[in-house]
Amino acid sequence: MRFGLLILTLCVVIGMSGCILASNPPINLSKNIALDATSEDTKFHDDNIHTVGETGPILEDEKDVRSQQESDKFTEAVLKWRQPQTIQQVVVKAEPGQMEFFSVQYMDEEGKWVTMKEVRDNMRPMYRFTLNNPIVTTKFRLKVPRRWDSRRVGGQKRSTRGETGAPSAQEYKKIQEIELYYALPPDPMEAGTAEQ
């Protein structure tokens, strides 16, 4: 009796999950718009996983103390376009441990960096997330701490940098690929199939 009830419950759950999956068709994504961007190191958005780019120093404003403090603590990977671009999905590929912590940001119309996502404890070779609402911008960046506390990479603990000055070679983080996409309208053929 109990076994039969368990089987029946399992069948209902599987059937309902199939309906839920069918009602949410996959997002139809654009081509990788990062390929059309300019940057200081094109290797992290050249559509080649075997080339590796690096974050670079944040250019500081000599009159802005906040800018100087940011430059002391972070490095960045910036993509720029002449025309505004729509971004809805971000994919970052890197060796585990390289991009364990980072902020995903875009520049708003007032010229200020806005954080879309704070990523922590990422040890995956590919990190992907999709925004509910797309953003439009001409500048995108990954802001990466120079150093961080890590209990994951070989049990080592990386201490936070307390001094200022130019980042050392190990403080620049290696990125295999940054990919950016926006959602295309649903394909009418697929939408018609899903409704049947």
Side-chain angles (χ1 to χ4, degrees), residues 27 29-60 67 69-81 85-108 112-132 134-135 137-182:
I27 297 174
L29 294 174
S30 68
K31 72 178 186 85
N32 178 8
I33 60 173
L35 296 173
D36 300 328
T38 59
S39 68
E40 294 295 320
D41 188 344
T42 59
K43 291 179 183 173
F44 56 68
H45 63 104
D46 63 358
D47 200 28
N48 184 348
I49 195 80
H50 302 292
T51 58
V52 178
E54 288 187 339
T55 59
I58 293 178
L59 300 178
E60 59 186 74
S67 168
Q69 291 172 342
E70 183 180 57
S71 177
D72 288 342
K73 295 178 182 176
F74 298 93
T75 62
E76 67 182 1
V78 179
L79 300 178
K80 304 174 193 173
W81 299 269
Q85 300 293 316
T86 302
I87 299 172
Q88 192 157 7
Q89 187 175 86
V90 177
V91 178
V92 178
K93 298 176 182 176
E95 290 293 323
Q98 284 294 312
M99 297 295 288
E100 188 174 348
F101 296 90
F102 60 97
S103 299
V104 180
Q105 301 180 323
Y106 72 94
M107 188 166 280
D108 67 12
K112 295 182 181 175
W113 289 109
V114 177
T115 301
M116 295 185 278
K117 183 90 171 166
E118 289 281 349
V119 179
R120 301 183 183 284
D121 300 322
N122 172 49
M123 294 303 287
R124 294 175 279 183
M126 181 173 74
Y127 185 86
R128 174 192 327 243
F129 78 95
T130 304
L131 296 164
N132 291 333
I135 57 97
T137 188
T138 57
K139 287 187 181 180
F140 168 90
R141 85 168 170 176
L142 300 179
K143 184 171 99 172
V144 187
R146 287 188 182 190
R147 299 280 182 116
W148 56 74
D149 290 336
S150 174
R151 294 169 196 86
R152 295 181 170 217
V153 181
Q156 302 169 9
K157 189 168 185 177
R158 301 178 188 176
S159 60
T160 305
R161 184 179 176 87
E163 58 197 71
T164 60
S168 67
Q170 70 187 47
E171 291 173 314
Y172 293 116
K173 302 304 172 198
K174 297 185 183 324
I175 303 172
Q176 291 173 312
E177 203 65 34
I178 298 172
E179 299 173 6
L180 303 171
Y181 304 93
Y182 58 88

Side-chain heavy atoms of Y181 within contact of V91, under 4.5 Å: yes
Exam field: side chain H45 to backbone L35, donor-acceptor pair closer than 3.5 Å: no
Closer than 4.0 angstrom, basic N to acidic O: yes or no for E76 and R141? yes
N122 and Y127: which non-hydrogen atoms are nearest, and at how many Å? OD1-CD1, 3.6 Å
Heavy atoms of E177 and K43 approach each other most closely as OE1-O, 4.2 Å
Are K93 and I49 close enough that some pair of their side-chain heavy atoms sits under 4.5 Å apart? yes
Given side chains that start at C-beta, do those of F129 and V119 come closer than 4.5 Å, heavy atoms only? no
Separation between CG (D72) and CD1 (I58), nearest 0.5 Å, reads 9.5 Å
What distance do R128 atom CZ and E179 atom CD have between them, rounded to the nearest 0.5 Å? 7.5 Å
Considering all heavy atoms, the nearest M116-Y106 contact: CG-CD2, 3.5 Å
Would you call K143 and E70 a salt bridge, taking side-chain N to carboxylate O under 4.0 Å as the test? yes
pair I178-L142: side-chain heavy atoms closer than 4.5 Å: yes
Taking atom OH of Y182 as the centre, does the number of heavy atoms from other residues, nucleotides or ligands within less than 6.0 Å exceed 12? no
Can you check whether M99 reaches K173 side chain to side chain, under 4.5 Å on heavy atoms? yes
Between P145 and F101, which heavy-atom pair has the shortest distance, and what is it? CD-O, 3.4 Å
Output the distance between atom OG1 (T137) and atom CD (Q105), rounded to the nearest 0.5 Å. 11.0 Å
Is the shortest heavy-atom distance from the side chain of L79 to the side chain of T38 under 4.5 Å? no
Is a donor on one side and an acceptor on the other found under 3.5 Å between the side chain of D41 and the backbone of G53? no
Indicate yes or no: at least one non-hydrogen side-chain atom of T115 is less than 4.5 angstrom from one of V104. no
Can you tell if the side chain of F140 reaches within under 4.5 Å of the side chain of I87, non-hydrogen atoms only? yes
Less than 4.0 Å between a side-chain N and a carboxylate O, is that true for R120 and E100? no
Mind checking the CE-OG1 spacing from M107 to T138? Nearest 0.5 Å is all I need. 7.5 Å
How about CD on Q89, more than 12 heavy atoms from neighbouring residues, nucleotides or ligands closer than 6.0 Å, or not? yes
What distance separates L29 CG from T130 OG1, expressed to the nearest 0.5 Å? 7.0 Å
Between K174 and A94, what is the shortest heavy-atom contact and its length? O-CB, 3.6 Å
dist W113:CH2 -> D108:CG (nearest 0.5 Å) comes out at 10.0 Å
F44 versus I175, closest heavy-atom pair with distance: CB-O, 3.6 Å
